[in-house]
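Letters A, B, ... mirror the listed sequences (proteins, then strands); counts begin at 1. Below, each value reflects all heavy atoms present in this structure, side chains not excepted, and no hydrogens, waters or symmetry copies.
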Number of protein chains: 2
Amino acid sequence: MESLQDFKEFLNFGYLNYRRNLTIECAIFGYDVGNLQVLLTKSKIITKWCLPAGYVRKKEDLDEAASRITYERTGIDDIFLKQFKTFGNPGRGHSPGAFNKEIFFELTGITLDENNWLMGETLSVGFYAIIDITVAKPKVDFLSSECKWFPMDELPELGYDHNEILQEALSVIKMHLYHFPIGKKLLPEKFTLKEIKLLYEVLSGKTLHITNFPNKLISIGLLVKTDEKRKIGAHRSPTYYKFDDKIYNKVLQEGLVLV
Amino acid sequence: MESLQDFKEFLNFGYLNYRRNLTIECAIFGYDVGNLQVLLTKSKIITKWCLPAGYVRKKEDLDEAASRITYERTGIDDIFLKQFKTFGNPGRGHSPGAFNKEIFFELTGITLDENNWLMGETLSVGFYAIIDITVAKPKVDFLSSECKWFPMDELPELGYDHNEILQEALSVIKMHLYHFPIGKKLLPEKFTLKEIKLLYEVLSGKTLHITNFPNKLISIGLLVKTDEKRKIGAHRSPTYYKFDDKIYNKVLQEGLVLV
């Protein structure tokens with residue numbers, strides 16, 4: 001939604017193309033060399049920072065809707081997106097019925113009809129993504145005044161139940177680290193073991209023992225040695241590794257257990 | 001729903017108390033000494049075996065709805081239920097619009113109105129539970145002709161997308177084994193290491209090494225030795241273990257990583 005015109009069309013006729021009371025909320029994390037950030041948008045209506053979100057089209061699978069919404073906010077296609085939890089408790093405030101009517105009128109010139117199709121308790125399916133922060137292009141839309149990255153230790157207060165959703169995404173990622181291959185698109189094509197260990201440490205939030213990561217990844221064939229070494233100094237020239245595409249695609253489909 | 005009268009009331013006035021187009025589907029597994037089964041109900045309307053399911057009341061949290069639905073089918077309260085995935089792709093057939101109208105009329109005497117509140121694509125939030133099969137009391141309702149346990153290797157064809165939901169539940173359980181304490185209510189109060197290892201093997205579907213399970217559970221303090229031993233024979237008297245309640249409740253809340 002890029003203009004007031006788009007938004008009015010969505011309010012009046014959105015029920016023809018979108019499912020009622022169902023949104024996708026995306027916890028999009030950006031990684032760059034030891035640093036993890038999360039993408040937030042500042043809502044003009046509730047004037048708080050929120051996770052990027054959107055409604056689901058009638059013809060879309062949930063995964064497709066999550067991909068579209070993430071693409072709209074980051075300009076990145078073909079992201080590893082994972083559904084992690086659905087939030088639907090009463091009173092979450094995700095309905096326009098909970099909006100400040102004055103701010104809404106000021107923004108749109110519309111007095112929201114109590115029978116509008118957007119009214120009522122809304123269910124949100126949460127997806128997470130971890131992307132290379134250097135290639136993302138955060139983008140605002142008509143309903144947001146800003147869209148930008150926040151370091152995980154400098155988070156603002158979030159609107160709705162988005163703090164809960166964000167924390168849940170982080171918990172699930174800490175678990176998924178042991179079961180899904182993560183990192184292929186977050187590291188250069190060739191990388192040192194120190195670089196991938198750092199990635200896993202940032203995502204897990206703790207210091208990891210080298211026998212778990214990345215050595216476990218090597219033992220299952222997911223990481224393979226290349227012939228190249230990085231030249232750091234006379235006595236330090238760590239070997240470059242890369243992902244094995246075949247094993248990567250296999251464990252992406254089937255999962256793995258890194259224990 | 002126990003009678004035709006209940007069902008008619010639900011069809012005509014259910015929208016007053018229930019959320020539209022939202023169900024909970026429960027993959028309820030029953031365990032008993034090395035044997036895992038799943039609870040299925042035979043739908044009178046689609047005449048196929050299905051996972052137990054139900055609509056969500058407007059005032060309920062999703063977890064509360066899952067507890068209620070599981071209780072209605074098993075008579076067991078206070079079950080460890082875990083949300084694992086939401087299913088909402090178009091064409092899942094979970095709407096009465098996809099029902100066979102003749103069977104529906106034969107069963108209820110009702111010609112379903114195309115504008116009925118139950119119509120339209122329905123989203124299902126999946127929960128799993130693992131319970132002690134010996135204490136469960138499977139129960140039919142007006143819409144089901146049977147409700148019973150099936151061994152995992154003798155599953156019938158399931159209705160809707162319930163085969164996908166069941167397989168997804170099993171995949172997630174295999175992952176959760178490493179991150180949540182499982183088994184407290186599935187074993188006697190005191191048990192041998194062999195008994196708990198068997199439980200983990202049945203749930204994971206593979207032979208486990210004793211240094212992972214159950215020794216890891218002992219090393220984190222979740223399992224503690226008792227003074228008692230089982231008397232099997234002159235040279236075999238394995239020690240009984242039990243769960244440490246404090247650690248159990250802590251890891252139930254916070255999760256753990258068994259690596």
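- Atom NZ of A:K185 has more than 12 neighbouring heavy atoms from other residues, nucleotides or ligands inside a 6.0 Å radius.
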Let's go through B:M175 and A:M175 carefully: what are the C-alpha distance in whole Å and the side-chain angles of both, what is the deciding distance for side-chain contact (heavy atoms from CB on, under 4.5 Å) to 0.1 Å, and is it a yes or a no? CA-CA 8 Å; B:M175 178 164 67; A:M175 179 163 68; 4.2 Å; yes
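- Proximity to chain A among residues 79-92 of chain B is limited to B:Q83, B:K85, B:T86, B:F87, B:G88, B:N89, B:P90, judged by heavy-atom separations below 4.5 angstrom.
- For B:K197, the side chain to side chain donor-acceptor pair (under 3.5 Å) partners at least two apart in sequence or on another chain are B:E201.
- With a 4.5 Å cut-off on non-hydrogen atoms, B:F213 does not touch chain A at all.
- Atoms NZ and CD, on A:K58 and B:E121 in that order, are 9.5 Å from each other to the nearest 0.5 Å.
- Between A:H179 and B:H176, the distance separating the two ring centers is not shorter than 6.0 angstrom.
- With a 4.5 Å cut-off on non-hydrogen atoms, A:E60 touches chain B through its backbone but not through its side chain.
- Inter-residue side-chain proximity for B:L123 and A:L62 is flagged as met; some heavy-atom pair is nearer than 4.5 Å.
- Annotation for A:E157: atom CD does not count as buried by contact number, only 12 or fewer foreign heavy atoms lying within 6.0 Å.
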